[in-house]
Each structure stands twice: as C-alpha cells, then as structure tokens.
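Below is one structure, written out as structure tokens, with a few remarks after it.
A quick note: this is a predicted structure, and the numbers were derived from the prediction, not measured. We name chains A, B, ... by the order of the sequence lines, and we start the count at 1 in each one.
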Amino acid sequence: MIRVWIAARIVDLVAATYGVAIPYPAIDMPKNPEYGDFATNVAFGLAQQLRKSPMAIAQELCDTSKMVAGVEGIEFVPLNGFVNLKLNDALIWRQLQSWNPTTVLPVAVPQRILLEYVSANPTGPLHIGHGRWAVIGSCLKDLLVQVGHQVHSEFYVNDAGNQIGLFRASVAAIRDGEPVPEGGYLGAYVKDLVDAPNPVEAMRSAHESTLARIGVVFDQWFSEQTLHDRGAVAEAISVLRDAETVYQADGAEWFRSTDFGDDKDRVLTKSDGAYTYFAVDCAYHADKMARAGDRMINIWGADHHGYVPRVRAMVQALGGSEWASASRFNVIIGQLVTLLKNGEPIRMSKRTGEMVTLDEIVDEIGSDATRFFLAMKSSDSSIEFDLEVAKKKSNENPVFYVQYAHARICAIYRKLEILAPTDATHEILNTAERNLMMWCLQFQDEIHAAAENLAPNRVVFFLIELARLVHGMYESSPILKTEPALQRQRLYILEKARACIEAGLQLLRISAPIAM
RNA sequence: GCCCUCGUAGCUCAGUAGGAUAGAGCGCUGGAUUCCUAAUCCGGAGGCCGUGGGUUCGAAUCCCGCCGUGGGCACCA
C-alpha cells in the first residue's frame with residue numbers, strides 16, 4: 001500500500017502547510033522517470049480554494065516538506081504545478097523489508113457480498129463463453145476476499161421451466177428412437193444422457209466437474225426448482241403487490257417496472273396462469289438480497305444486457321431504493337468470446353450441438369493458459385480466443401512469460417544450493433533493482449484498485465509488467481559471479497519479486513512453477 | 001426504429017475517480033549467448049486515441065451529436 005502511505009503523507013503536508021484537510025489525493029507514477037517515483041496534482045485542486053497558482057502552491061509544499069515529520073527519505077520537487085516525489089534508496093529498502101505480498105490491508109467498510117456467475121442452463125455442455133465468466137467470477141471472488149469482504153459464490157441452476165421440459169423430452173425421444181420434438185436438443189451429448197436417471201442433474205454435475213478442472217468451485221448451487229417448491233414466487237409477487245407495483249391487464253398480471261426506469265412493464269403471471277421466467281427471477285433476487293446482506297454482484301453474458309433494467313427495477317421494488325446504488329448491486333455484462341482456430345472463427349450452436357466445449361479447450365491447452373487468457377481481457381470488450389496462440393510457448397503467450405520469471409528465480413536457488421535470504425542489507429541500487437522493488441511495493445494498491453473496479457484483468461497486467469522487470473534485472477544484474485554482499489542484496493530483491501508473482505498467480509488460481 | 005456495449009499502432013489488447021512526451025505483445029527491422037534456462041534481453045520504424053462540437057488551466061478518459069461494430073427490444077428461458 002505504498003501509494004496509500006504516500007497519499008497520507010501528502011494529506012499531512014497540506015494540513016501542516018495550509019491548515020486545510022483534504023481527501024486522499026491521487027498518486028501517479030509519472031511516465032517520465034526524470035520526474036521521480038511518484039507525483040501528485042494536489043496543487044491544482046487547491047489553487048481555487050487558496051487563490052494561488054498551482055505553481056506557487058507546489059513550491060510552498062515542497063519548501064514546507066523539509067520541516068514536516070514523517071517524510072524523511074522523500075525528496076519533493078515542484079514542476080509545472082505538480083509535486084514530484086523521489087524516494088531515496090534507504091526508504092525503499094525499509095519499505096521492502098516490512099513488505100509481504102500476501103498481507104493486504106482490509107477496506108474501510110467490509111461487505112457481505114453474494115456473487116452469482118456462470119449460471120448456465122443445464123441443457124448442454126459449457127463453452128468458452130461460460131469459461132470466461134467462470135474465470136472472471138472466481139478471480140473476482142478471491143480479489144474481494146483478499147481486501148476483506150465476505151463473499152458467497154453461487155451458480156443459479158435453471159432446472160425448471162419450458163426449456164428443461166423440452167430437454168427432458170429430447171433425451172427421452174432419442175432413447176426411445178423417436179423424432180426429437182420441434183425446437184428440441186439434437187447435440188451428440190444428448191445421446192450420452194439417455195441412460196442417466198436424471199439428465200438435468202447429470203448435466204449440472206458435468207458443469208461442476210468441468211468448472212473444477214479450471215479451479216472454479218462454488219459455495220452453492222442454487223436450484224430454481226426449490227423456489228417453486230416452497231412457494232417463493234407467489235411470495236415475491238405478493239411483496240410487489242403490497243408495494244402497489246402490480247396491476248392486471250389483458251388477462252395477465254404485470255409489474256410496473258416503468259416506475260423504476262425500465263422502458264416497459266413486465267408480465268409476472270401469464271394469462272394461462274403460469275409464472276414468467278422474470279417472476280421466478282423476482283423470487284430468486286428477493287432470496288439473494290435476504291442472504292447477501294450488503295451487496296449483490298451478477299455476472300451475465302452480453303445476450304442478457306437488455307434484461308438488466310427490469311432486474312434493477314425489481315430489486316428496488318423488492319429490496320428498497322438503496323439497492324439502486326452501485327455499492328449495493330452490480331451487474332457485470334461480459335461481452336462475447338469468438339473462438340479462433342487457425343485464424344478462422346468457429347461457429348457454435350448449442351441446440352444442434354455444433355460446438356467446441358470448454359472441456360475440449362482445457363484438454364488442449366490446460367487450465368493455466370485458459371485462465372490467464374480469459375482473465376487478462378477486461379470483461380466489457382468482446383474478445384478473440386485463439387487456440388493456436390494459447391498453445392504456444394513463447395512471448396506471444398504471456399502466461400509462460402510470467403511463469404518463466406518465477407521459475408528462473410527458483411533456478412538460481414537450485415544452482416547456488418541455498419534457500420532464499422530472509423533479510424539483507426543494501427548498497428547502491430541499480431535502475432533494474434530499484435524499478436523492480438518499486439513495482440512490487442505497489443502490488444497491494446493494485447489489488448485494491450482491481451477489487452474496487454471489479455476488474456481482475458488489472459492483476460494480470462500487473463504481473464506481466466512484474467515479469468518484465470524480473471527478466472530485465474535477470475539480464476542486467478548477474479548473481480552467481482557477484483561478490484557475496486551484492487549477491488545477497490539481489491537475491492533478497494528477487495525473492496520478494498518471486499513471492500509477489502506467486503501471490504498474484506495464486507489470486508488468479510494459476511500455478512507458479514519452480515522449474516519449466 | 002428504440003435501448004445498451006464497444007471503436008486506441010498492420011494485428012490482439014492495456015491505459016478512463018481528467019494530468020506533464022499515449023503503452024505492451026505479435027508482426028516488420030537491427031543487435032546481445034566465454035555469464036544464473038535465449039521460453040530471455042536491448043534498440044528502431046509504426047498513432048489527428050472513429051468523427052464533429054462542448055466543459056476544463058489540462059480530455060484517449062467527462063457531456064452532446066454523427067458514423068461504424070456487436071448485442072437486446074416476448075404473456076421465451
């Protein structure tokens with residue numbers, strides 16, 4: 001949390017200089033290394049309030065810094081209104097000595113969070129798209145837990161309704177040698193289910209096994225059927241009715257979701273008396289809000305994004321307006337994945353069974369590469385997943401780049417036949433050593449940013465950059481043929497970096513091999 | 001038609017609580033191996049950040065229009 005630490009020093013400095021209290025300012029890493037290690041733009045924000053130019057304020061802050069306690073080892077340099085900060089080697093070294101990548105300060109307000117993801121229908125095997133939500137969801141869970149939240153992860157099993165009836169009928173038809181019903185399921189996997197006592201449960205169980213192969217395990221598999229069984233749907237509708245958000249029209253019962261920003265009202269009970277999928281979802285979300293406590297996060301595919309406004313409406317009607325806030329309810333809409341083979345997109349259809357399953361992909365390229373590729377892209381852009389690239393063991397495939405950095409460090413210990421040093425003193429630090437240390441120290445800041453923005457891909461990019469710095473130091477700063485004190489210094493830095501890579505990969509549930 | 005998403009190097013993508021000269025990998029190109037795994041490193045070329053306005057001391061980032069991509073617009077699930 002070095003950036004938080006720096007920000008706190010700046011807050012103190014501003015208070016000491018002008019007697020004003022400010023919130024934690026942004027701490028940037030300047031692109032130009034001549035500007036120092038960190039920079040802050042507080043002077044711009046204070047300019048209006050203090051009726052002074054940013055340049056003058058930056059200058060004054062830097063002047064005052066010499067008289068303030070707690071900033072020893074930091075050189076303050078004003079430039080163009082920015083305050084640039086340069087940390088001396090001793091300070092960085094002290095920071096590193098007390099730094100441990102697995103220790104992360106908890107957030108100020110920990111939440112109880114219910115995270116729902118994947119929730120694929122149990123009518124066919126999982127594909128790469130489900131894999132993407134599975135990976136992002138599982139990374140998100142670990143991230144949120146890492147910063148102090150309590151997270152319950154859940155897979156919603158749509159084991160009731162028309163599609164399930166059609167699916168069961170399709171399996172039965174194939175078993176009995178009869179034609180599959182109109183709009184039914186024809187895929188090869190359907191044949192494999194004819195002997196299953198319960199094809200739906202067999203399919204769900206297959207999902208569980210597939211997900212376990214890529215390290216995705218749910219705290220709960222929530223059955224839609226149980227909502228029907230205990231009358232939860234009728235209960236949810238009556239809550240909406242009591243809130244006077246329900247009316248009758250055309251023989252059906254409607255939820256006035258337009259009162260909550262949706263663009264049209266939605267049917268709850270059809271004119272034939274059956275509940276809609278949406279009505280069942282009302283029951284599910286009511287149940288989730290009761291269990292979640294503080295916050296709900298749903299991860300859905302792009303084909304559901306039109307569904308979001310009505311769910312937001314329903315959540316507010318059932319749970320109260322506080323559930324409209326982004327700190328209580330998030331829907332992450334993940335864009336689609338196009339699978340490429342030899343540069344050509346593969347078309348998929350679940351109904352006819354023309355598809356490459358997630359299992360087949362994991363068979364081919366393994367869990368580590370699958371997870372890394374799916375985690376590295378931000379969830380709101382559609383991506384291409386190239387099977388050939390994912391199989392390559394080169395720089396084109398960044399998972400090996402990161403793992404190799406870890407393995408290389410381990411190889412040095414083997415060569416020297418020693419264990420990693422637990423402490424060391426330092427002499428002068430070269431640029432490669434210094435940059436690597438500075439990057440490691442920001443690991444926790446990055447974890448917090450990734451958790452806050454629900455963006456696990458930030459961790460992946462942090463690790464790629466970390467690996468780059470390790471490889472850079474490896475090339476420029478020899479160890480075996482170096483005098484003992486410097487050797488120990490370098491080993492100490494590399495061990496911190498190794499632990500950081502290990503911690504980062506663990507967060508992504510990717511292995512950190514000691515040899516490759 | 002309406003709503004949502006995205007548009008950054010030739011390709012695949014980072015970077016968006018506004019910051020100082022916009023980044024990486026691949027591809028192209030020039031180098032590095034008496035030395036810890038070359039699965040690596042160092043250098044070069046390559047950009048009006050879709051487009052036109054606006055807000056601001058400052059915009060890839062925020063707001064509006066337009067163009068383009070993908071998705072959604074059921075008493076389906």
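Nucleic acid contact class of I383(A) (heavy atoms, under 4.0 Å, all strands): sugar-phosphate only. Note on R468(A): only backbone sugar-phosphate atoms sit closer than 4.0 angstrom, heavy atoms only; bases stay farther off. Nucleic acid contact class of H471(A) (heavy atoms, under 4.0 Å, all strands): sugar-phosphate only. Residue S477(A) is classed as a base contact, given a heavy-atom separation below 4.0 Å to a base. At a threshold of 4.0 angstrom between heavy atoms, the contacts of D303(A) are confined to the sugar-phosphate backbone, with no base atom among them. Note on A302(A): only backbone sugar-phosphate atoms sit closer than 4.0 angstrom, heavy atoms only; bases stay farther off.
Stem analysis of RNA chain B (Watson-Crick or G-U pairs, both distances under 3.5 Å, runs of at least three) returns B:1-4 with B:70-73, B:10-13 with B:23-26, B:28-32 with B:40-44, B:50-54 with B:62-66.
Between the C1' atoms of G18(B) and U55(B), the separation comes to 11 Å (whole Å). For the C1' atoms, the distance linking C49(B) with G68(B) amounts to 16 Å, nearest Å. Nucleotides A17(B) and C73(B) place their C1' atoms 33 Å apart, quoted to the nearest Å.
Between the CD atom of E384(A) and the C1' atom of U69(B) there is a distance of 12 Å, given to the nearest Å. To the nearest angstrom, C1' of C76(B) lies 13 Å from CD1 of I164(A). Here the C1' atom of nucleotide C36(B) and the CG atom of L491(A) are 10 Å apart, to the nearest Å.
If Y35(A) and A455(A) are placed on RNA chain B by their nearest nucleotide, the residue sitting closer to the 5' end is A455(A). In terms of position on RNA chain B, the residue among G306(A) and M516(A) whose nearest nucleotide sits closer to the 5' end is M516(A).
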Give every pair of a protein N or O atom and an N or O atom of nucleotides 56-61 of chain B that lie under 3.5 Å apart, one pair per line with the distance.
none

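Between A77(B) and K270(A), a contact under 4.0 Å exists linking OP1 or OP2 to a side-chain N or O.
The backbone N or O of Q335(A) sits nowhere less than 3.5 Å from a side-chain atom of H305(A) that would complete a donor-acceptor pair.
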